[in-house]
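Along the sequence shown, the residues carry numbers beginning at 1.
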Amino acid sequence: MQNEFQAKISAIIVTWNSEKDIVKCVDSILKYENNIEIIVVDNNSQDNTVNMLKNKGEKRLKVIALKDNVGFAAANNEGLKHANGKYILYLNPDTLFVESGLEKLTNQLNSNVGLVGCQLLNADRSFQPSVYMFDNPVNIVIEQFNLGKLMPKVIAKKYAPYLNKIDTNVEVDWLVGAFLLISKQDCQRIGGFSTDYFMYAEDMDIAFKIHKLQKKVVFSPNFKVVHVGGNSEKQDVSSTKKEKMFSSRKVFSDKYGWNNLPIFYFCYLIKFLLFSLAGCIHGDYKKRSKEYWRTLKIIRKVEE
């Protein structure tokens, strides 16, 4: 288990109670890729994740069991310390490789391109959004009110890229962190993931730091990976999760001078008022208005 396996690519996967997903993820990588080492950093899981992985006896697999849950960013940085590859692939444990070709994707990383993402797919192989724009008042309003669906396609591609299936390589603001490919050199230059986030917004932050290096962030549809949890995460957003998400958004805005929480508050206030009025007609709208009211309280709490 401790034998060093020299590989071109080091895949770093952070887990926390992910025994149902992680073995499938690891097996899928081993099936399709040869020149890769897999580094699983476990954030003190209470399930059987660590034992299941260690029992595989796979020389290309390193398992790092942390004694505490240090968060997503810090765990990824711990994995980077053990990486031998020239390229680093940050990967979620609920992803599955369905094809080979990862090495070809590394060819896109050069003096101009610092971060590459691939096409994420849902479990049924349907399109999953993974391309987004950095927060600003215009982008927030467009996303919150789903205005991209009303725009001509050529405009929506720019202002609401998450709504459109992209079939060519494009330069983007940031990519969903389920799959992020970067050179180890650039990763070390930007200091890996920023540990001032415990969860969420780390993918926005790492993309922003790549842009600060005067390098591009690129989405490539030429390689595809299934991201099983992509849809369920959006459907199941608890109050605790929302608070963590907005807290991370605030950290990001405080770091880079974009205080956009008031814009989020304004959007949810408008939605609350509209659905409260609509609730006088149909009861289902009342449920939505209560949800927006709870979100308004969460934003106020985060801003305090």
(request) Would you please classify the geometry between the F275 ring and the Y285 ring as parallel, tilted or perpendicular, with 30° and 60° separating the classes? (result) tilted

(message) I'd like to know if D254 and K250 make a salt bridge, using a cut-off of under 4.0 Å between side-chain N and carboxylate O.
(response) yes

(request) May I ask you to test the P161-V172 pair for a side-chain heavy-atom distance under 4.5 Å? (result) no

(request) Show the numbers, then the answer: is there a side-chain contact (heavy atoms from CB on, under 4.5 Å) between K184 and D186? (result) CA-CA 6 Å; K184 186 176 182 180; D186 278 346; over 6 Å; no

(request) Return the minimal non-hydrogen interatomic distance between E99 and N222, and the atom names on each side. (result) OE2-O, 3.8 Å

(message) Using the rule that Ile, Leu, Val, Met, Phe, Trp and Tyr join whenever any side-chain heavy atoms are under 4.5 Å apart, tell me whether F223 and Y87 fall into a single cluster.
(response) yes

(message) Main chain of I166, side chain of N164: is a donor-acceptor contact present, judged purely on distance under 3.5 Å?
(response) no

(request) Please answer whether the main-chain N or O of K67 pairs with a side-chain N or O of N44 as donor and acceptor at a distance below 3.5 Å. (result) yes

(request) Among L30, L91, D27, find the one that has a side-chain contact (heavy atoms from CB on, under 4.5 Å) with F97. (result) L91

(request) May I ask you to decide whether E37 forms a salt bridge with K62, counting only side-chain N to carboxylate O separations under 4.0 Å? (result) yes

(message) For the aromatic rings, using the six-membered ring if either is Trp, is the centroid distance between F208 and F252 under 6.0 Å?
(response) yes

(message) According to a hydrophobic-cluster definition based on side-chain heavy atoms being under 4.5 Å apart (Ile, Leu, Val, Met, Phe, Trp, Tyr only), do F193 and Y256 belong together?
(response) no

(request) List the steps, then state whether salt bridge (Lys or Arg N to Asp or Glu O under 4.0 Å) holds for E291 with K242. (result) CA-CA 11 Å; E291 178 187 333; K242 278 187 178 180; 3.8 Å; yes

(message) Side chains of E171 and V113, heavy atoms from C-beta outward: is any pair under 4.5 Å?
(response) no

(request) May I ask whether L274 and F264 are part of the same hydrophobic cluster, defined by side-chain heavy atoms of I, L, V, M, F, W, Y residues being less than 4.5 angstrom apart, directly or through others? (result) yes

(message) Just by distance, no angles: are the side chains of K86 and T106 close enough, under 3.5 Å, to form a donor-acceptor pair?
(response) no

(message) Looking at S126, is its backbone amide N or carbonyl O close enough to the side chain of D124 to form a donor-acceptor pair, meaning the two atoms are under 3.5 Å apart?
(response) yes

(message) When you measure from the side chain of D203 to the backbone of G177, do you find a donor-acceptor pair of N or O atoms at a distance under 3.5 Å?
(response) yes

(request) Ignoring hydrogens and angles, tell me if any N or O in the side chain of D47 forms a donor-acceptor pair with the backbone of S18 under 3.5 Å. (result) yes

(request) Taking all non-hydrogen atoms of both residues into account, name the closest pair between G148 and I142 and its distance. (result) N-CG2, 3.9 Å

(message) For N34, is there any backbone N or O sitting under 3.5 Å from a side-chain donor or acceptor partner on R60?
(response) yes

(request) Using modelled atom types only, decide if a donor and an acceptor are shared between the side chain of N76 and the backbone of F72 within a distance under 3.5 Å. (result) yes

(message) Minimum heavy-atom separation for A11 and I36, please, with both atom names.
(response) CB-CD1, 3.9 Å

(request) Scan side-chain atoms only and decide if Y197 and D205 contain a donor-acceptor pair under the 3.5 Å cut-off. (result) yes

(request) Give the cluster check for I13 versus L89: same hydrophobic cluster or not, with ILVMFWY residues linked at side-chain heavy-atom distances below 4.5 Å. (result) yes

(message) I'd like to know if the side chain of N17 and the backbone of S45 have a donor-acceptor N/O pair within less than 3.5 Å.
(response) no

(message) Could you report the tightest heavy-atom contact between F127 and N122, atom names first, then the distance?
(response) O-ND2, 3.1 Å

(message) As a test of understanding, state which of K165, Q119, H227 forms a side-chain hydrogen bond (donor to acceptor under 3.5 Å, both in side chains) with Q128.
(response) H227

(request) Run the salt-bridge test on K24 and D21 with the 4.0 Å N-O cut-off and return the result as yes or no. (result) no

(request) Report the distance from atom CD1 of I38 to atom CG of L61, rounding to the nearest 0.5 Å. (result) 6.0 Å

(request) Please report the closest heavy-atom contact between A178 and L120, naming both atoms and the distance. (result) CB-CD1, 4.0 Å

(request) Check the hydrophobic clustering (I, L, V, M, F, W, Y; side-chain heavy atoms under 4.5 Å; chains of links allowed) and say if V23 and V40 are grouped together. (result) yes

(request) Quick one: closest heavy-atom pair of E33 and E103, and the distance? (result) OE1-N, 4.4 Å

(message) Within the 3.5 Å criterion, strictly below it, is a donor on S194 or K255 matched to an acceptor on the partner's side chain?
(response) yes

(request) Return yes if a side-chain donor-acceptor contact under 3.5 Å exists between T49 and E19, otherwise no. (result) no

